[in-house]
K.L.:
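Starting off with a structure, shown below.
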Amino acid sequence: MNRRETLKLLGSAALTGVASATSTIAWAATPTMVTVVKIAGIPWFNAVEKGILKGAKDFNIDATMVGPANVDPAQQVKLLEDLIAKKVTVIGLVPLDVKVCEPVLKRAQAAGIKVITHEGPEQDGRDWNVELIDSVRFGEVQMQRIAKDMGEEGDYVVYVGTLTTPLHNKWADAAIAYQKEHYPKMKLVADRFPGADEIDTSYKTTLDVIKAYPNLKGILGFGSNGPIGAGNAVREKRLGKKIAVVGTVLPSQAKDLIADDIIREGFLWNPTDAGYAMVAVARLVLDGKEIKDGVEIPGLGKAAVDVPGKLIKVDKIMRINHETIDGLIAGGL
Amino acid sequence: MTLAADQRSFMPALRRFRRSHEFWLLVVVIVFCLGLGLATDSFLTLQNLFDLLTSNAFVGILAAGLLVVLVAGGIDISFTATASVAQYVALSLALSYGLGWFAIFAIAGAVGVVCGLINAIFITKLRISSIIVSIATLNIFYGLLIFFSGGKYITSLPKYFRDGVWWFEYDDAAGVPYALNLQILVLAIVFLCTWLLLNRTNVGRQIYAMGGNKDAAQRLGFQVFRLNCLVYGYLGLIAGVASLVQAQLAQSVTPTVLVGKELDVLAAVVLGGASLAGGVGTVLGTILGVALLAILQNGLVLVGVSSYWSQLFVGLIILVAVSITAWSERRRRQSKAIN
């Protein structure tokens, strides 16, 4: 063997070695998925995180969750930019403001990152949005509930997290449209109020609303703290018999108000399932599986899929009332 | 300027008050109240006054504490994190050991004072700018809290605490009750204490002097470190007390809800005439600043302004209020120059 041949051999061995090494790395490396949520450290998103971590194990994706310290769309954008720089495989997002997040998501997609959103049916720049509820039906069911308690007539108001929170406003739109169609004697007395993500703000708004609209009979709160703040104010003013409070709440937080019949019924979907579903969908996308109506989401069942609308829905509305609340709290919600 | 104690006769004090920032702010607030009183039936009622005081007590109490720091020539934005920590520690301990009113206020106050002293030590001993120190400590206090609490809410508070204070109940014409509650009580006490501290004590005068000119104050032999410990400790104490007032109102402890409100408080204090450069600011001005912002939000709902417009109006009215006071100030300077 002369020198040239030896070198050639060595070189090709080295090359194939490198090539095989990289291919095994690519094969073995688990895809990374980071989900950006609305705010870190609140019970709701802690429950979402539980689902994400469970999904990570079941679907072999290195999935984690991050979130801004307070409810601020600009901070979400910053977190998303960091993820693009880190070249994650999949970005998950629970958007605060769809318009603010859109450009950065498009950049992520251009960089080859898959984008899975939750609570973002209006979000542009995504591959799929996963919902555990049908947004329109979720709004309508709550309207039906409050209409029943109001005797299908009288004044009511609606609270949302912010005037631009996508889902809250979609539910509100659906609820109000349903009221106009089915309960002509009910009347929305003011434009929807923001602040339903904070107990203090919805308490304050409720005190003002009670005075501004003395005939008020119902408060529909979208945003996990809206019904709590409203309920505290209604209880303090001893108007629990006159004003019905209905809306989205966390069971553990609403326990007393539901026991006292201030919050007549709460509605929710299971946040842990939501986190799990996002990872499950990420796995389907990464495997290149065709996602069409009736597709089986592992662990959650069949989903309704709107392919052009990039929307995957698994119907799982959860009702929180006297009968169900203890079981839900025992389940850690 | 408040009516200074050493003013011999009443008239010059009144004349001086007429030229002050507070006077014009008072005029704006009164004009607003009258306008809202005419526009709605519900604004000028005791019920509404009590509601306003209750729901703005948290911001008001903190504003009193922050005023002292601003007058002393410093700034602190970590007080919302301090409040979150104090609230969480005091009420967790209350639940585990069955503590009463006095104990929880003592614990929350002590936690607040410690956090305030940490700020004071870094600001004075290392001469770091106070805003940088407090941005850092805001994140440290808040980060530690989120780490140790896991962000968990405390939703089942002791019964005596949930019931709070409910004295001298009165029902309005529609039978809706209102009463003197914990929020209003603490708000009044804190403003009184702050007024006494700034206007009726030797230390108060030193705080104004230090805020006006720190170097001169130091040369005069003022103990700058001790004064800083006092003002930042006082804000910490107030933050601890305010945190319990807020928890009682919300009927729960939410570690994430307070941080982010520091700018609301700062806006109220500065609107009330306190200078970010130090040495200037009064309790009356702060009360008016808090009141103006509170009345605005309350009034917009009562009048029925759509929530889509309300932020625009809040911004516009703040701008108008500040312009009026600035314009009167400018006119006064001009007339002085001519004379």
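What you see below is based on every heavy atom in this structure, not just the backbone, and it leaves out hydrogens, waters and symmetry mates. Below, chain A is the first sequence line, B the second, and so on; all start at residue 1.
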K.L.:
May I ask you to name which of Val189(A), Ile228(A), Leu163(A) has the most heavy-atom pairs under 4.5 Å with chain B?
P.N.:
Leu163(A)
K.L.:
May I ask you to decide if the ring planes of Tyr178(B) and Tyr170(B) are parallel, tilted or perpendicular, using 30° and 60° as cut-offs?
P.N.:
tilted
K.L.:
Is Lys38(A) paired with Glu119(A) through a side-chain N to carboxylate O contact shorter than 4.0 Å?
P.N.:
yes
K.L.:
Side chain, backbone, both or neither: which part of Asp72(A) has a heavy atom under 4.5 Å from chain B?
P.N.:
neither
K.L.:
As an exercise: rank Lys204(A), Gln253(A), Lys211(A), Arg192(A) by heavy-atom pairs under 4.5 Å with chain B and give me the winner.
P.N.:
Lys211(A)
K.L.:
Heavy atoms only, distances under 4.5 angstrom: which of Ala40(A), Ala69(A), Gly229(A) has the most pairs with chain B? Name it, please.
P.N.:
Ala69(A)
K.L.:
Which atoms of Ile39(A) are under 4.5 Å from chain B, going by heavy atoms: the side chain, the backbone, both sets, or neither?
P.N.:
side chain
K.L.:
Does Arg238(A) come within less than 4.0 Å of Glu169(B), counting only side-chain N to carboxylate O?
P.N.:
yes
K.L.:
How about His322(A) and Asp261(A): do any of their side-chain heavy atoms sit closer than 4.5 Å?
P.N.:
yes
K.L.:
Is Thr54(B) in contact with chain A via its backbone, its side chain, both, or neither, using a 4.5 Å heavy-atom distance?
P.N.:
side chain
K.L.:
Heavy-atom distances under 4.5 Å only: say whether Ser252(B) touches chain A with side chain, backbone, both or neither.
P.N.:
side chain
K.L.:
Could you look at Ala233(A) and say if it's the side chain, the backbone, both or neither that has a heavy atom under 4.5 Å from chain B?
P.N.:
neither
K.L.:
Do Arg162(B) and Asp256(A) sit within salt-bridge range, that is, some charged N less than 4.0 Å from a carboxylate O?
P.N.:
yes
K.L.:
Sort Phe147(B) into side chain, backbone, both or neither according to what part of it lies under 4.5 angstrom from a heavy atom of chain A.
P.N.:
neither
K.L.:
Before accepting this row, confirm whether a basic side-chain N of the pair Lys217(A)/Asp155(A) lies closer than 4.0 Å to the acidic partner's carboxylate O.
P.N.:
no
K.L.:
Asn119(B) and Thr137(B): side-chain hydrogen bond (donor to acceptor under 3.5 Å, both in side chains), yes or no, with the steps?
P.N.:
CA-CA 7 Å; Asn119(B) 281 331; Thr137(B) 51; 2.8 Å; yes
K.L.:
Salt bridge or not between Glu198(A) and Lys261(B)? Use side-chain N to carboxylate O under 4.0 Å.
P.N.:
yes
K.L.:
What residue in Thr45(B), Val259(B), Leu302(B), Val257(B) has the most heavy-atom pairs under 4.5 Å with chain A?
P.N.:
Leu302(B)
K.L.:
Is Asp200(A) close to chain B through its backbone or its side chain, or both, or neither, when contacts mean heavy atoms under 4.5 Å?
P.N.:
side chain
K.L.:
Using a 4.5 angstrom heavy-atom cutoff, name the option from Tyr213(A), Phe45(A), Phe193(A) with the most pairs to chain B.
P.N.:
Phe193(A)
K.L.:
Return yes if a side-chain donor-acceptor contact under 3.5 Å exists between Thr254(B) and Thr256(B), otherwise no.
P.N.:
no
K.L.:
May I ask you to decide if the ring planes of Trp101(B) and Phe161(B) are parallel, tilted or perpendicular, using 30° and 60° as cut-offs?
P.N.:
tilted
K.L.:
Does any backbone or side-chain atom of Val209(A) lie under 4.5 Å from a heavy atom of chain B? Answer side chain, backbone, both or neither.
P.N.:
both
K.L.:
Contact part of Tyr203(A) toward chain B, heavy-atom cut-off under 4.5 Å: side chain, backbone, both or neither?
P.N.:
side chain
K.L.:
Please state whether the side chain, the backbone, both or neither of Asn48(B) comes within less than 4.5 Å of a heavy atom of chain A.
P.N.:
both
K.L.:
Leu239(A) versus chain B, heavy atoms under 4.5 Å apart: side chain, backbone, both or neither?
P.N.:
side chain
